[in-house]
Amino acid sequence: MTAGSDWQHKQAIRARIEQQRRSLTRAWVDTTSSEIIARLENLPPFRAARVVHTSVAWRNEVNNHQLIKDLLTGRRVVVPVVDLASHTLAHSLISGFEDLRPGAFGILEPTPEKMHPVSLAQIDVILVPGVAFDLSGNRIGYGGGYYDDFLRQAKVLKIALCYHFQIVESIPTRVEDERVDILITEKGVHEFR
């Protein structure tokens, strides 16, 4: 495939999976998310992590809101903050879920007065968002490239949570695309390390 056709293929996958996610019921999302998060919580490297970086679920992603609240009772939680001006992610510790408000793109993030920047060296594990994944650990994000830059810099375990229907046969990749190490769905755990 050429670069142009790769881009079109990714766009088609993104549109198809996002359409499927939009059609999900809240009950299905909550039940299936609980199954996925139970698998995550049984994963030894996740249990050992003291500082967890996680995006905050939106648009019918695997619902991790309760997971974040639970983590805050004994671990440190870092969330991404989109900086539209520099087209980068900042990273902030949060002390409570109530610190979060809709930010860039409507995703929950800390308000400026609640920002507590953290260095990437402090993070033990990253829960990576994405629209689609394949069984080589490749991912399709939302198209902004924010996470690829961040994941390239962060030399820690990268775990993605997704529904089984978000797994596709293959994803065209470029050299700048970053893979995940572990993919967890309601049907199983896939490791690529």
Side-chain angles (χ1 to χ4, degrees), residues 3 6-7 9-11 13-14 17-18 21 36-37 39-40 43-59 61-62 64 67-68 71 75-94 100 103-110 115-163 166-168 170-185 189-193:
D6 282 354
W7 183 84
H9 185 57
K10 279 186 172 181
Q11 287 296 92
I13 292 170
R14 186 180 286 122
I17 299 295
E18 289 225 68
R21 265 204 339 219
I36 294 166
I37 288 169
R39 290 182 187 278
L40 170 70
L43 206 63
F46 180 76
R47 284 202 313 265
R50 304 313 313 150
V51 181
V52 177
H53 186 292
T54 182
S55 58
V56 183
W58 69 312
R59 293 196 336 204
E61 287 180 326
V62 172
N64 66 357
L67 172 68
I68 292 169
L71 289 172
R75 303 197 236 178
R76 299 171 78 204
V77 177
V78 179
V79 298
V81 180
V82 174
D83 183 330
L84 291 171
S86 66
H87 198 78
T88 60
L89 291 178
H91 310 279
S92 176
L93 282 166
I94 59 170
L100 305 173
F105 309 116
I107 302 170
L108 293 175
E109 58 186 41
M115 282 284 293
H116 300 285
V118 64
S119 76
L120 299 187
Q122 294 177 271
I123 298 167
D124 295 321
V125 67
I126 302 169
L127 299 182
V128 182
V131 176
F133 302 86
D134 67 20
L135 291 179
S136 296
N138 298 307
R139 64 182 279 276
I140 295 177
Y142 290 93
Y146 289 93
Y147 259 84
D148 285 321
D149 291 341
F150 163 47
L151 296 176
R152 196 170 303 111
Q153 298 170 49
K155 305 302 182 197
V156 298
L157 187 67
K158 299 161 181 82
I159 303 172
L161 308 179
C162 75
Y163 309 117
Q166 291 177 262
I167 297 176
V168 298
S170 70
I171 291 174
T173 59
R174 301 167 304 167
V175 68
E176 60 268 28
D177 292 336
E178 289 295 314
R179 296 171 54 222
V180 297
D181 301 306
I182 299 175
L183 180 63
I184 303 176
T185 76
V189 176
H190 308 275
E191 295 202 34
F192 314 111
R193 299 179 286 167

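Note that this is a predicted model, so its numbers are computed, not measured.
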Return yes if some donor-acceptor pair links the side-chain N/O of [X] with the main-chain N/O of [Y] below 3.5 Å, else return no.
| X | Y | result |
| --- | --- | --- |
| Arg75 | Ala49 | yes |
| Arg179 | Ser136 | yes |
| Lys155 | Gln153 | no |
| Asn138 | Ser170 | no |
| Arg50 | Arg76 | no |
| Asp124 | Val51 | yes |
| Asp149 | Tyr146 | no |
| His190 | Gly137 | no |
| Glu191 | Ile182 | no |

task: Determine whether Pro110 and Leu100 make a side-chain contact, defined as any pair of heavy atoms from C-beta on separated by less than 4.5 Å.
output: yes

What are the two closest non-hydrogen atoms of [X] and [Y], and how far apart are they?
| X | Y | result |
| --- | --- | --- |
| Leu135 | Phe192 | O-CE2, 3.2 Å |
| Ile167 | Cys162 | CG1-SG, 4.3 Å |
| Ile107 | Val56 | CG2-O, 3.8 Å |
| Asp134 | Ile171 | OD2-N, 3.0 Å |
| Ala90 | Met115 | CB-CE, 4.2 Å |
| Val168 | Ala132 | CG1-CB, 4.4 Å |

Starting at [atom1] of [X], measure out to [atom2] of [Y] and round the result to the nearest 0.5 Å.
| X | Y | atom1 | atom2 | result |
| --- | --- | --- | --- | --- |
| Phe46 | Ile184 | CZ | CD1 | 8.5 Å |
| Leu43 | Ile159 | CG | CD1 | 5.0 Å |
| Ile123 | Leu93 | CD1 | CG | 8.5 Å |
| His116 | Ile94 | NE2 | CD1 | 10.0 Å |
| Leu40 | Asn64 | CG | CG | 9.5 Å |
| Ile13 | Lys10 | CD1 | NZ | 9.0 Å |

- prompt: Checking side-chain contact (heavy atoms from CB on, under 4.5 Å) for the pair Asp148/Arg139: CA distance, chi angles, key distance, verdict?
  reply: CA-CA 10 Å; Asp148 285 321; Arg139 64 182 279 276; 3.6 Å; yes

field: Mutual orientation of the aromatic rings belonging to Tyr142 and Trp58 [parallel < 30°, tilted 30-60°, perpendicular > 60°]
entry: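 Aromatic pair Tyr142/Trp58 classed tilted.
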
- request: For the residue pair Tyr147 and His53, categorise the inter-ring angle as parallel (less than 30°), tilted (30 to 60°) or perpendicular (more than 60°).
  value: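 Tyr147 and His53: perpendicular rings.
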
field: Verdict with reasoning, Leu127 to Leu67, per side-chain contact (heavy atoms from CB on, under 4.5 Å)
entry: CA-CA 11 Å; Leu127 299 182; Leu67 172 68; 3.9 Å; yes

- line: Tested for side-chain contact (heavy atoms from CB on, under 4.5 Å) against Leu161, the lone hit among Val128, Val180, Val62, Thr185 is Val62

